[in-house]
Amino acid sequence: MYIALALFTILLALLLVFWGGRVLLSGRWLAGFIRGLVGLSFLVLALGTVLVAADVFSYRNLAREHSVGTVSFRKVAKRQFEVKFSDADGIAQTFELHGDQWQLDARVLKWQGPLARWGLQPAYRLDRLSGRYLTLRDERTQVRSVHQISGSNYGIDVWHFVRNLGNRLPFVDAVYGSATFLPMEDGAVFDVRISHSGLLARPLNQRAVSALDHWQ
């Protein structure tokens, strides 16, 4: 269903290209400035539609709870960690985080109205990996670290656009899904899972279990 929505959007863009080209080619340009302007408007709208479809297609279907990847930690210095994130496809990224705790964020598009009734499931895209200090004083004075996991590559950010409108569109809401801040510990490995309620991190080894036990 999710792929069908992207294909429908691309089809709409192709129709706009056809109509725009037809208007541009159906008369003399100098004698039909308005006609040319309308044709160019169709072409610009078609390009925008394609970019919207490409950005939406970068999101993944959220039909049920599943793992989005693992996060592992190697201590480099006091309150400084090398963090390796490996996503569900096995693609690994390495970051440096400062602080006492870590959090992974995801952007979620929740379809409303007819789209939801047609069975279109929410969609997500991993967003940021960040570190945090336990005290407010350290948060204000120590090194902060926030890293982008993935983002929009097409110049149009649908999630950000919907969010800026205050989620007033009748067919979609843009929300954050965030894992609870958890402790960073040398050698700890966590499995991050996503569901309709957000992100959840579970310990995968004893180091991670021990970190949670001491933190709680």
**Study point:** Exam field: side chain N205 to backbone G187, donor-acceptor pair closer than 3.5 Å
**Key:** yes
Practice item. Search all heavy atoms of S67 against all heavy atoms of A88 and return the closest pair with its distance. Key: O-CB, 3.7 Å
Practice item. Identify whether the distance between the nearest side-chain nitrogen and carboxylate oxygen of R107 and D157 falls below 4.0 Å. Key: yes
Practice item. Please step through salt bridge (Lys or Arg N to Asp or Glu O under 4.0 Å) for the pair R144 and E139, ending with a clear verdict. Key: CA-CA 7 Å; R144 300 292 304 278; E139 276 286 290; 3.4 Å; yes
Practice item. Kindly work out whether a path of hydrophobic side-chain contacts (I/L/V/M/F/W/Y, heavy atoms less than 4.5 Å apart) joins V172 to F161. Key: yes
Practice item. Could you walk me through whether Q103 and S178 pass side chain to side chain contact (heavy atoms under 4.5 Å, CB included), step by step? Key: CA-CA 7 Å; Q103 183 183 57; S178 300; 3.7 Å; yes
Practice item. Answer yes or no: are there more than 12 heavy-atom neighbours, outside H160 itself, under 6.0 Å from its atom NE2? Key: no
Practice item. Please name the pair of heavy atoms, one in I194 and one in A106, separated by the smallest distance, quoted to 0.1 Å. Key: CD1-CB, 4.4 Å
Point to revise | Side-chain donor/acceptor of D87 to backbone N/O of D89, under 3.5 Å | key: yes
Study note, to complete from the structure: Correct closest heavy-atom pair for P203 and A208 would be CB-CB, 3.5 Å
Exercise for review: Please step through side chain to side chain contact (heavy atoms under 4.5 Å, CB included) for the pair V192 and L200, ending with a clear verdict.
Suggested key: CA-CA 6 Å; V192 183; L200 173 67; over 6 Å; no
Review point. Given the rule in the side chain to side chain contact (heavy atoms under 4.5 Å, CB included) test, do I149 and L104 qualify, once you have shown the distances and angles that lead to the verdict?
Key: CA-CA 9 Å; I149 296 292; L104 183 65; 4.0 Å; yes
Exercise for review: Scan for salt bridge (Lys or Arg N to Asp or Glu O under 4.0 Å) pairs involving residues 183-192, sequence neighbours excluded, and state none if there are none.
Suggested key: D191-R193
Practice item. Name all residues meeting the side-chain hydrogen bond (donor to acceptor under 3.5 Å, both in side chains) criterion together with E96; count only those two or more places apart in sequence or in a different chain, and write none if there are none. Key: Q80, H98
Practice item. Using the salt bridge (Lys or Arg N to Asp or Glu O under 4.0 Å) rule, collect all pairs that involve residues 200-211, keeping only residues at least two apart or in two chains. Key: E65-R202
**Study point:** Trace of the side chain to side chain contact (heavy atoms under 4.5 Å, CB included) decision for L126 with V68
**Key:** CA-CA 8 Å; L126 296 179; V68 299; 4.1 Å; yes
Check your understanding: Under the ring pair (Phe, Tyr, Trp, His ring centres under 6.0 Å) rule, what pairs show up with a residue in residues 167-190, not counting sequence neighbours?
Key -> W102-F190, W159-Y176
Exercise for review: Considering only Ile, Leu, Val, Met, Phe, Trp and Tyr, and joining two whenever side-chain heavy atoms are under 4.5 Å apart, list the other residues clustered with V189.
Suggested key: L204
Exercise for review: Provide the closest heavy-atom pair for R79 versus K75 in the form atom of the first, atom of the second, distance.
Suggested key: N-CE, 4.4 Å
Review point. Nearest heavy-atom pair of G177 and V108: which atoms, and what distance?
Key: N-CG2, 4.3 Å
Show me the side-chain donor-acceptor pairs of residues 128-136 shorter than 3.5 Å, one per line, residues at least two apart or across chains.
{"residue": "R128", "atom": "NE", "partner": "D105", "partner atom": "OD2", "Å": "3.4"}
{"residue": "R128", "atom": "NH2", "partner": "D105", "partner atom": "OD2", "Å": "3.1"}
{"residue": "R132", "atom": "NE", "partner": "Q101", "partner atom": "OE1", "Å": "3.2"}
{"residue": "R132", "atom": "NH2", "partner": "Q101", "partner atom": "OE1", "Å": "2.7"}
{"residue": "Y133", "atom": "OH", "partner": "V143", "partner atom": "N", "Å": "3.4"}
{"residue": "Y133", "atom": "OH", "partner": "V143", "partner atom": "O", "Å": "2.6"}
{"residue": "T135", "atom": "OG1", "partner": "D138", "partner atom": "N", "Å": "3.2"}
{"residue": "T135", "atom": "OG1", "partner": "D138", "partner atom": "OD2", "Å": "3.1"}

Review point. Atom CG in L109, atom CZ in R125: separation rounded to 0.5 Å?
Key: 8.5 Å
Revision key, fill the gap. Partner of D173 under side chain to side chain donor-acceptor pair (under 3.5 Å), picked from K110, Q112, R163, is Q112
Practice item. Report whether V146 and F95 are members of the same hydrophobic cluster (ILVMFWY, side-chain heavy atoms less than 4.5 Å apart, transitive linking). Key: no
Revision key, fill the gap. Closest non-hydrogen atoms of L212 and P183, given as atom of the first, atom of the second and distance, are CD2-CD, 3.9 Å
